[in-house]
2 protein chains.
Amino acid sequence: MQIRIDNSSNRPVYQQIIDQVKRDIALGRLIKDDKLPTVRELAAQLAINPNTIAKAYRQMEGEGIIVTRPGAGAFVANLDSSLSRVVRKKLLSDVLERIAVEAYHMQIDRQTLLELFNNAAEKFNVPPRKG
Amino acid sequence: MQIRIDNSSNRPVYQQIIDQVKRDIALGRLIKDDKLPTVRELAAQLAINPNTIAKAYRQMEGEGIIVTRPGAGAFVANLDSSLSRVVRKKLLSDVLERIAVEAYHMQIDRQTLLELFNNAAEKFNVPPRKG
DNA sequence: CTAATTGTACTATGCTAACTATTACAAATA
DNA sequence: TATTTGTAATAGTTAGCATAGTACAATTAG
């Protein structure tokens with residue numbers, strides 16, 4: 001579990017932590033029941049306030065990404081979205097449309113955009129392993 | 001030029017304005033030299049502070065999306081990104097990868113994601129018209 | 001030329017999110 | 001029993017967003 005914080009990024013630190021945990025899970029580097037670093041451990045390693053780590057863990061717990069138990073630690077949970085499929089597709093569509101607009105203004109043609117999309121999709125095309 | 005502000009959104013107002021102008025341009029509803037509403041006009045219509053509109057216009061001018069002239073107004077500019085092609089592709093790749101991760105956690109399979117992508121891409125597949 | 005319009009600049013204020021610092025507590029572990 | 005762990009709560013700082021008001025220079029309309 002290697003996490004890096006980019007202080008020059010305008011993305012909040014707690015969000016960067018969430019991003020990277022979710023990414024590692026999507027990549028298959030983290031699987032169900034894997035233990036995450038403790039709040040204090042990660043706070044010391046990254047030299048940031050424990051509250052910031054706790055905030056990230058709390059939010060991931062809320063999203064069902066991890067399960068936490070005081071005294072034990074934080075662990076990767078089962079893959080199980082609480083949102084309806086319709087809502088999930090709507091959320092993704094909205095972001096994809098915004099990307100299409102950006103691509104237009106960046107003068108990236110559709111074929112090139114499709115290539116970039118395929119590259120990204122392949123990278124995370126990992127079937128969920130069973131713990 | 002019809003702009004709508006969603007007050008329940010956590011997206012900043014000035015950003016929502018930028019989103020919609022860029023979207024209208026990408027859709028071909030706004031073309032080069034088209035005049036945008038004046039700062040005060042749009043502020044009155046949306047019942048928000050003129051400074052917020054000015055901020056949106058200033059940023060779009062900085063991105064080369066529009067051209068402004070005091071006394072005249074704000075106009076749609078030529079399509080011309082100041083960033084190198086490599087940088088533009090990198091920017092898009094990063095966002096696309098984040099979406100791929102989200103899709104994984106939302107349990108949206110690759111084929112479904114591809115469909116959503118194609119829908120979004122088609123919508124903005126408009127060849128730039130010449131003014 | 002004059003007056004109105006337009007984008008911009010500036011200062012000040014209120015609000016919220018993000019982060020830090022510190023202390024304390026309950027559950028799990030050794 | 002003592003330590004470790006996630007959580008909660010309070011307080012303070014910083015930055016971004018939005019509002020309010022005033023003023024200025026360039027453009028436009030008369």
Side-chain angles (χ1 to χ4, degrees), chain A residues 1 3-22 25 30 32-78, chain B residues 1 3-22 25 30 32-78:
Chain A
M1 190 71 261
I3 289 187
R4 298 187 172 281
I5 300 303
D6 178 7
N7 291 106
S8 71
S9 169
N10 36 0
R11 202 160 175 80
V13 173
Y14 82 98
Q15 192 62 59
Q16 292 187 41
I17 295 169
I18 296 174
D19 287 346
Q20 291 179 49
V21 170
K22 289 174 101 169
I25 294 175
L30 282 177
K32 184 174 186 306
D33 292 333
D34 275 354
K35 191 177 187 300
L36 297 182
T38 71
V39 167
R40 292 166 178 82
E41 200 177 301
L42 193 53
Q45 176 193 324
L46 301 178
I48 60 181
N49 196 281
N51 288 346
T52 303
I53 314 289
K55 181 176 184 178
Y57 280 21
R58 207 180 318 138
Q59 180 163 326
M60 283 192 285
E61 167 129 62
E63 290 182 31
I65 307 288
I66 64 175
V67 172
T68 65
R69 276 178 307 154
F75 307 87
V76 177
N78 251 329
Chain B
M1 189 74 261
I3 290 187
R4 298 188 171 280
I5 300 303
D6 178 8
N7 291 106
S8 70
S9 168
N10 36 0
R11 200 158 176 81
V13 173
Y14 84 96
Q15 191 63 59
Q16 292 187 42
I17 295 169
I18 296 174
D19 287 347
Q20 291 178 49
V21 171
K22 289 174 102 170
I25 294 175
L30 282 177
K32 183 173 186 307
D33 293 332
D34 275 354
K35 189 175 189 302
L36 297 182
T38 71
V39 166
R40 293 167 177 81
E41 201 178 300
L42 193 53
Q45 176 192 325
L46 300 178
I48 60 182
N49 195 282
N51 288 343
T52 303
I53 314 287
K55 180 175 184 177
Y57 280 20
R58 207 180 319 138
Q59 180 162 327
M60 282 191 287
E61 166 128 62
E63 290 181 32
I65 307 289
I66 66 175
V67 172
T68 66
R69 274 179 308 155
F75 307 88
V76 176
N78 251 330

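Just so we're on the same page: letters track the sequence lines, and every chain starts at 1.
The CZ atom of B/Arg11 sits 17 Å away from the P atom of C/dA17 (whole-angstrom rounding). For the pair A/Asn7 CG and C/dA18 C1', the interatomic distance rounds to 13 Å; values are reported in whole Å. In this structure, A/Phe75 places its CZ atom 17 Å from P of C/dA27, rounding to the nearest Å. B/Glu61 has its CD atom 14 Å from the C1' atom of D/dA26, to the nearest Å. As rounded to whole Å, 14 Å separates atom P of D/dA8 from atom CD of A/Gln59. Distance, A/Leu42 CG to D/dT7 P: 13 Å, rounded to whole Å. Taking atom CG of A/Asp6 as the reference point, atom P of C/dA18 lies 17 Å away to the nearest angstrom. Rounded to an integer number of Å, the gap from B/Ile66 CD1 to C/dG7 P is 9 Å.
Closest to the side chain of B/Arg40, out of C/dA28, C/dT20, C/dG7, is C/dG7. Comparing D/dA18, C/dT29, C/dT22 against the side chain of A/Asn49 picks out C/dT22 as the nearest. With C/dT20, D/dG6, C/dT29 as the choices, the nucleotide that has an atom nearest any side-chain atom of A/Pro70 turns out to be D/dG6. Listed nucleotides D/dT5, D/dT28, C/dG7 differ in distance to B/Val39; the shortest reach to its side chain belongs to C/dG7. Taking every side-chain heavy atom of B/Asn51 into account, D/dG21 is the closest of D/dG21, C/dA21, D/dG6.
B/Lys55 has a side-chain polar atom (N or O) that falls below the 4.0 Å cut-off from OP1 or OP2 of D/dC17. Between C/dA18 and A/Tyr14, a contact under 4.0 Å exists linking OP1 or OP2 to a side-chain N or O. Dashed line: the shortest gap from a side-chain N or O of B/Thr68 to OP1 or OP2 of C/dT8 is under 4.0 Å. Between A/Arg58 and D/dA8, a side-chain N or O to OP1/OP2 separation shorter than 4.0 Å is present. For the pair B/Thr52 and D/dT19, the criterion of a side-chain N or O lying under 4.0 Å from OP1 or OP2 is met.
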For this session: Would you check, one step at a time, whether the test side chain to side chain contact (heavy atoms under 4.5 Å, CB included) holds for B/Val13 with B/Ile17?
Result: CA-CA 6 Å; B/Val13 173; B/Ile17 295 169; 4.3 Å; yes
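Summarising the geometry of B/Tyr14 relative to B/Ala56, their closest heavy-atom pair is O-CB, 3.6 Å, with the distance given to 0.1 Å. The heavy-atom pair separating A/Ile3 from A/Gln20 by the smallest distance is CA-OE1, 3.5 Å.
Salt bridge B/Asp6/B/Arg11: absent, no basic N to carboxylate O contact under 4.0 Å.
Atoms CD1 and CD1, from A/Ile18 and A/Ile65 in turn, are 9.0 Å apart once rounded to the nearest 0.5 Å.
When each of A/Val13 and A/Gly71 is assigned the nucleotide of DNA chain C bearing its nearest heavy atom, the one mapping closer to the 5' terminus is A/Val13.
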